[in-house]
**Q** 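Provided herewith is a single structure, encoded as structure tokens, for subsequent inquiry.
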Amino acid sequence: MSGLYARESRSVSTMAHLRFFPQAVVGGSGAYLTGDDGRQLLDFAASWGAASLGHSHPAIREAVNRALSDQAGASYLSTANEPCVLLAEKLLSLVPERARGRVWFGHSGSDANETVARMVVAATGRPRILAFSGAYHGGTVGSMAVSGHPAQQGARAEGLTLVPYPNSYAAGSPEAARDAALAHLEKLFATEVPPQEVAAFFIEPIQSDGGMLVPPDGYFKAVETLCRRYGILLVSDEVKVGLGRSGRFNAFEHSDIEPDIVVFGKGLGGGLPISAVVGSEAIMNHAVAFSLQTVHGNPVCAAAALAVLQTIERDHLVQNAERTGHVLREALDRLAARHSLIGNVRGRGLALGVELVTDRASREPAARQTALTVYRAFQLGLVLYYVGVRSNVLEFTPPLTLTENQAQEGVAMLDQALADVAAGRVDESLLAEFAGW
């Protein structure tokens with residue numbers, strides 16, 4: 001989630017130390033945002049993926065209007081409501097049999113992952129959790145406790161063990177990255193962490209905030225085998241890269257695995273706050289009233305989420321993500337051939353990353369150039385942000401409705417931004433007042 005992404009915060013004390021570039025919007029339609037200066041900005045970020053259908057999508061508007069015109073309460077705590085029930089049934093149909101038990105609804109990926117982290121320990125009686133270095137599972141105390149991103153300063157859970165995510169670019173090849181990561185995990189179980197004490201392994205089928213890292217073929221299949229051997233639950237965090245973004249409905253499908261628990265968020269509500277945990281009945285039903293907040297499962301957000309899922313299916317947006325993502329990826333690969341700042345292009349579907357380096361041989365992160373590129377792209381009319389543990393990976397999570405022409409339009413602006421940065425035409429003093437992670 002690093003990047004330069006909003007106005008300076010003056011009222012929120014926890015954000016007061018950050019300054020951001022002056023991006024402010026007053027509206028939006030489809031893949032475009034309207035800036036407060038009247039400019040049309042092509043949105044390659046979709047609010048970190050939350051605006052999954054783009055902006056002002058008619059299906060979401062109509063669903064919300066219907067839900068509010070005859071509102072079925074504001075909660076599912078004590079009263080079932082139809083949108084919530086229909087959404088739960090739809091989500092259950094979209095996960096593997098292993099996870100097809102019960103559904104919990106929340107407000108965000110953060111509260112969903114926090115709930116899962118508490119739930120798996122309580123349900124299994126095992127005190128330990130595995131997660132990846134560089135992982136971002138949320139911004140609440142409990143979700144930060146099972147995260148591994150260095151930008152987060154919250155205390156880690158006592159039973160948390162972080163393991164390296166395989167990085168094919170850094171390792172030199174997918175095979176080297178896979179073998180090293182698996183060897184680390186095997187050694188960990190043999191020497192430091194008794195596997196019978198591990199409740200769950202939180203995985204990211206694509207590590208987004210850690211740098212848009214794509215796992216090597218076979219890696220997660222081997223991880224699944226280890227987890228089954230030791231009775232460790234497999235939790236797939238699909239919050240940013242799920243719901244069709246990767247070119248499959250669930251990003252874990254690329255790895256041919258079946259998690260025990262699937263976590264959804266961000267794009268599920270198309271811009272409205274809702275998350276969901278879908279998991280086996282034995283785990284989800286282990287205690288009554290385990291994690292509840294008043295407006296969890298409210299009919300308005302549930303109706304919006306149901307409209308998102310129906311639209312993804314009706315408009316073939318999974319296929320569009322694969323097709324348009326392929327066009328975008330090829331265009332970015334062509335940029336890499338022309339710009340020495342680009343060290344690596346990676347990703348799946350419309351979840352892509354471009355790692356910028358000062359030198360391709362040493363692969364030294366080009367963090368400052370990345371910030372300048374994002375700033376210059378914004379000036380040119382393109383919205384995108386950066387991620388990665390070294391803040392040097394441009395992240396592409398545009399609306400699932402992005403067209404091939406829009407993909408090409410955005411890459412042309414990025415091309416100009418990279419050229420301007422490389423030629424020193426972007427004043428570095430612009431960053432004096434701004435900083436991300």
**Q** Show the nearest heavy-atom pair for residues Ala303 and Ala63, with the distance to one decimal.
**A**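 Here Ala303 and Ala63 meet closest at O-CB, 3.6 Å.
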**Q** Do you know which of Val103, Val95, Leu309 makes side-chain contact (heavy atoms from CB on, under 4.5 Å) with Phe264?
**A**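 Running side-chain contact (heavy atoms from CB on, under 4.5 Å) over Val103, Val95, Leu309 with Phe264 returns exactly one hit, Val95.
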**Q** Using a 6.0 Å cut-off, check whether atom NZ of Lys221 has over 12 heavy atoms from anything other than its own residue.
**A**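 For Lys221, atom NZ is crowded (more than 12 foreign heavy atoms under 6.0 Å).
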**Q** I would like to know whether Gln408 and Val327 meet side chain to side chain contact (heavy atoms under 4.5 Å, CB included); could you show each step before the answer?
**A** CA-CA 8 Å; Gln408 299 286 9; Val327 170; 3.5 Å; yes
**Q** Do you know which two heavy atoms are closest between Asp43 and Pro399, and how far apart they sit?
**A** O-CD, 3.3 Å
**Q** Check the side chains of Arg390 and Asn392 for a donor-acceptor pair under 3.5 angstrom, ignoring hydrogens and angles.
**A** no
**Q** What I'd like to find out is whether the side chain of Leu384 reaches to under 4.5 Å of the side chain of Glu395, using heavy atoms alone.
**A** no
**Q** Between Gln23 and Tyr385, do the side chains contain a donor N or O and an acceptor N or O under 3.5 Å apart?
**A**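 Yes, a side-chain donor-acceptor pair sits under 3.5 Å.
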**Q** Could you walk me through whether Phe132 and Ile203 pass side chain to side chain contact (heavy atoms under 4.5 Å, CB included), step by step?
**A** CA-CA 7 Å; Phe132 288 109; Ile203 71 165; 4.0 Å; yes
**Q** Taking Asp209 for the side chain and Ala135 for the main chain, is one N or O donor matched with an acceptor at less than 3.5 Å?
**A**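 No; zero donor-acceptor contacts below 3.5 Å.
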**Q** Main chain of Ala59, side chain of His57: is a donor-acceptor contact present, judged purely on distance under 3.5 Å?
**A**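 Checked: pair present.
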**Q** For a quick check under 3.5 Å, do Thr140 and Ser143 share a side-chain donor-acceptor pair by atom type?
**A**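 The answer is yes; a qualifying pair exists.
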**Q** Is there a donor in the side chain of Glu322 and an acceptor in the side chain of His326, or the other way round, less than 3.5 Å apart?
**A**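 No donor-acceptor contact under 3.5 Å links the two side chains.
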**Q** For the side chain of Asp315 and the backbone of Leu317, is there at least one donor-acceptor N/O pair under 3.5 Å apart?
**A** no
**Q** Only one of Asn113, Val263, Val239, Val116 passes side-chain contact (heavy atoms from CB on, under 4.5 Å) with His137; say which it is.
**A** Asn113
**Q** Can Ser275 and His107 be counted as having a side-chain donor-acceptor contact under 3.5 angstrom?
**A**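 The criterion, which ignores hydrogens and geometry beyond distance, is not satisfied for His107 and Ser275.
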**Q** Measure the CD-OH distance between Gln406 and Tyr32 for me, rounded to the nearest 0.5 Å.
**A**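 Result: 4.5 Å between the selected atoms.
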**Q** Would you call Glu313 and Lys90 a salt bridge, taking side-chain N to carboxylate O under 4.0 Å as the test?
**A** yes
**Q** Where the side chain of Ser108 meets the backbone of Ser110, is there a donor-acceptor pair that is under 3.5 Å apart?
**A**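 Yes, because the side chain of Ser108 sits within donor-acceptor range (under 3.5 Å) of the backbone of Ser110.
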**Q** Do Asn405 and Glu409 meet the criterion of a side-chain donor-acceptor pair at a distance under 3.5 Å?
**A** no
**Q** Rounded to the nearest 0.5 Å, what separation is found between the CG atom of Asp217 and the CG atom of Asp256?
**A**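 Going from the CG atom of Asp217 to the CG atom of Asp256 covers 11.0 Å.
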**Q** Indicate whether the side chain of Glu364 and that of Ser362 have a donor and an acceptor atom separated by less than 3.5 Å.
**A**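 No pair is found: no donor N or O on one side chain lies under 3.5 Å from an acceptor on the other.
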**Q** Donor-acceptor pair, Asp260 side chain versus Val235 backbone, under 3.5 Å?
**A** no
**Q** Can you confirm whether Asp359 is buried at CG, in the sense that more than 12 heavy atoms of other residues, nucleotides or ligands lie under 6.0 Å from that atom?
**A** yes
